[in-house]
Amino acid sequence: MVCFYNMQKSTIFFASAALTFLLFLVMATHASWSQRVDLEALQAKRLLVRGLQLTDIALFTDARYVRHLSQADLHTPFQEHPTALEHFPSGSLVSPPSMLTRSNGGP
Amino acid sequence: MNRWIEKQKNIVDFTLSSLLRRKGKNIALWLVYTLIVFVLASVMFFTHALKREAAIVLQDAPEIVVQRVVAGRHEMMPLNYLEKLSGIKGVTGAKPRLWGYYFYSSAKANYTVMAPEGFGHKEGNVMIGAGVARRHMINKGDTMWFNAADGTALKFTIAAMLPTESELLSSDLILVTATDFRRLFGIPDGYATDLALTVRNPRELSTIAAKITSLLPDTRPITREEILRTYDAVFSWRQGIMLAVLFGALLAFVILAWDKASGLSAEEKKEIGILKAIGWETSDVIVVKFWEGAVVSLSAFAAGVLLAYVHVFFSSAVLFEPVLKGWSVLYPKFRLTPFVSAYQVTTLFFLTVIPYTAATIIPSWRAATVDPDAQVR
């Protein structure tokens, strides 16, 4: 502790910078290692998608057009009545499918 | 070289002492800065990892899904459409999909009920996702009661659980036999929810989709490419929460940069004047101010990015959960694979560190070129 107090501020700063750089290296190594380790789990998920013929992820379960986002159609905004306002919070978090925002993306 | 290093060390010593003299202000500034970087990096890491994971796992989604739409509503698909679709050149297979939503009133949750082909259990048995099990506090061997479309109560035994590792895909799933599915929802034989097609050449998907629309005008084909594109743009920065977060962060940076660029405090100007008066060059003053900006911005950037990494990939983005959950009763517990690229970190660096450091140097350069006598007075 005494040694720490006697150190120049710049030495502490550069030591902290070196430690931070090391932490960034650890982060990059962890990311790269996890990507390799998780390959098997991702393959298992692909098998589940193929087996059950799934089309979407289950991140949102409050409204059907966000639960199965890719299956939403141009009528989705009018599902309640023609001037209904969006009332599910998750509906304002995600973008509509790109196919619907094209001019010819009809039902 | 050694002389240059010694000089930089002395300048850093001086800079740190200078920053510590205004400890309260600088710590507050550092905390806000770190928080902004943390939020931006968390959103960036989370959305990118989610998009990459969706892109990988949905590569095996059906090549074409054909829905039937009547009066703007999704309708049950008559199975005689299968023959017509199978006749399209390039289509190698067509299978009905049976799936729907069930609102479980006592749990106040919406479940996705599916009857997959080759469901390996007998009638009266179900497989459930981890989210359903958590919600009902049930496990393998327990029973669940459902209200069928005709008002009767159906009892199902949980034969197996879907793997918890795939919760992002299967959290709300309930798998049943086709017979149980039809009984539960009152769907007669000869109808399915939609159809899944396989094609010989994936490059012909759009041509086949066009043929489907022309052959069966009341249907709507959705290709796998469209599914993948949907998830590639799912959290676009131009929309929704991304825009709100980005706008908030940019506004915070504008305030920070404006505070710096609008001029130095009288104390800081006096400090520069004294340094000049005792013989410091303008370039030395700028180097000090550069280090001042760099110490604050680099340390805040590093802390923000590292904390964001831990937040997203170790705590499963726990702070985003209330936002993402919305009105959902079920929320999947999932751990994302850390798909972090140097490109993301570099983008964040140029968005946050460079503007702040530049905003620190410019007013100091202006102050350093003024007569020191005038500065001190």
Side-chain angles (χ1 to χ4, degrees), chain A residues 8-14 16-17 20-21 23-24 27-28 30-31 34-35 37-38 41-42 44-64 66-75 78-79 88-99 106-107, chain B residues 9-10 12-13 16-17 50 53-54 56-62 65 67 69 72-73 97 101 109-110 112 114 116 131 163 165-166 168-173 175 196 220 222 226-227 229-231 233-236 239-241 295 302 306 309 323-324 326-330 332 337-340:
Chain A
Q8 269 189 300
K9 287 189 186 79
S10 57
T11 311
I12 298 170
F13 171 74
F14 286 118
S16 314
T20 308
F21 182 71
L23 285 174
F24 266 84
M27 182 181 93
H30 176 262
S34 301
Q35 283 172 31
V37 168
D38 288 355
L42 289 171
K45 286 178 197 174
R46 280 182 70 169
L47 279 177
L48 188 78
V49 167
R50 191 185 303 169
L52 301 181
Q53 296 190 310
L54 302 177
T55 53
D56 292 85
I57 58 172
L59 188 60
F60 307 108
T61 54
D62 46 358
R64 62 176 179 269
V66 284
R67 170 63 184 88
H68 290 99
L69 189 66
S70 70
Q71 310 295 297
D73 55 42
L74 281 176
H75 303 284
F78 311 112
Q79 60 176 334
F88 285 104
S90 51
S92 52
L93 295 181
V94 290
S95 315
S98 54
M99 59 190 158
Chain B
K9 275 185 78 176
N10 290 336
V12 171
D13 273 332
L16 291 171
S17 301
L50 194 68
E53 182 140 345
I56 291 170
V57 299
L58 293 176
Q59 271 174 24
D60 283 314
V65 172
Q67 292 179 344
V69 180
R73 299 273 163 173
R97 291 200 317 158
Y101 302 109
N110 273 311
T112 302
M114 293 189 90
E165 296 79 31
S166 62
L168 188 58
L169 290 158
S170 62
S171 174
D172 69 334
L173 286 188
L175 307 184
R220 171 179 179 250
I222 302 161
E226 287 169 337
I227 293 172
R229 267 208 303 272
T230 298
Y231 282 94
V234 66
F235 290 113
S236 162
Q239 196 256 352
I241 191 142
V295 166
L306 290 168
Y309 188 85
V323 181
L324 293 169
W327 289 2
S328 308
V329 171
L330 294 185
T337 302
F339 289 110
V340 177

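Note on naming: letters A, B, ... go to the chains in the order of the sequence lines (proteins, then strands), and numbering restarts at 1 for each one.
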Worksheet entry | CG-OG distance between B:L330 and B:S171, expressed to the nearest 0.5 angstrom | 5.5 Å

Discussion item. Is A:F21 in contact with chain B via its backbone, its side chain, both, or neither, using a 4.5 Å heavy-atom distance?
Written reply: neither

Worksheet item: What residue pairs, at least two apart or across chains, pass salt bridge (Lys or Arg N to Asp or Glu O under 4.0 Å) with a residue in residues 48-62 of chain A?
Response: A:R50-B:D60

Worksheet entry | Interchain contact, A:L54 with chain B, by part (heavy-atom threshold 4.5 Å) | both

Discussion item. Using 0.5 Å steps for rounding, measure from the CG atom of B:L50 to the CG atom of A:L59.
Written reply: 5.5 Å

Worksheet item: What distance separates A:K45 NZ from A:I57 CD1, expressed to the nearest 0.5 Å?
Response: 10.0 Å

Discussion item. If I measure from the heavy atoms of chain A, does B:T112 come under 4.5 Å with its side chain, its backbone, both, or neither?
Written reply: side chain

Worksheet, complete the sentence: Pair count under 4.5 Å, heavy atoms only, with chain A: among B:S166, B:P116, B:G72, highest is B:G72

Worksheet item: Can you check whether B:N110's main-chain N or O pairs, donor with acceptor, with A:R67's side chain at less than 3.5 Å?
Response: no

Worksheet item: To the nearest 0.5 Å, what is the distance between CZ (A:F13) and CD (A:Q8)?
Response: 13.5 Å

Worksheet item: What part of A:A72 is in contact with chain B, defined as an atom under 4.5 angstrom from a non-hydrogen atom: side chain, backbone, both or neither?
Response: backbone

Item to complete: Between chain A and each of B:V12, B:V329, B:I56, B:T337, count heavy-atom pairs under 4.5 Å; write down the option with the most.
Response: B:T337

Worksheet item: Who among B:V340, B:L58, B:N10 has the most heavy-atom pairs with chain A under 4.5 Å?
Response: B:L58

Item to complete: Find the one option among A:L52, A:T20, A:V66 whose heavy-atom pairs under 4.5 Å with chain B are most numerous.
Response: A:L52

Worksheet item: Measuring heavy-atom distances to chain A, does B:F339 have an atom under 4.5 Å in its side chain, in its backbone, in both, or in neither?
Response: both

Discussion item. Nearest 0.5 Å, please: how far is CZ in A:R64 from CD in A:Q71?
Written reply: 12.5 Å

Worksheet item: B:Q67 versus chain A, heavy atoms under 4.5 Å apart: side chain, backbone, both or neither?
Response: side chain

Worksheet item: Checking heavy atoms, do the side chain of B:I222, its backbone, both or neither come under 4.5 Å from chain A?
Response: side chain

Worksheet item: Which region of A:A41, side chain (C-beta onward) or backbone (N, CA, C, O), has a non-hydrogen atom less than 4.5 Å from a non-hydrogen atom of chain B, or is it both or neither?
Response: neither

Item to complete: For A:F60, check ring-ring contact (aromatic ring centres under 6.0 Å, His included) against everything at least two apart and list the hits.
Response: none

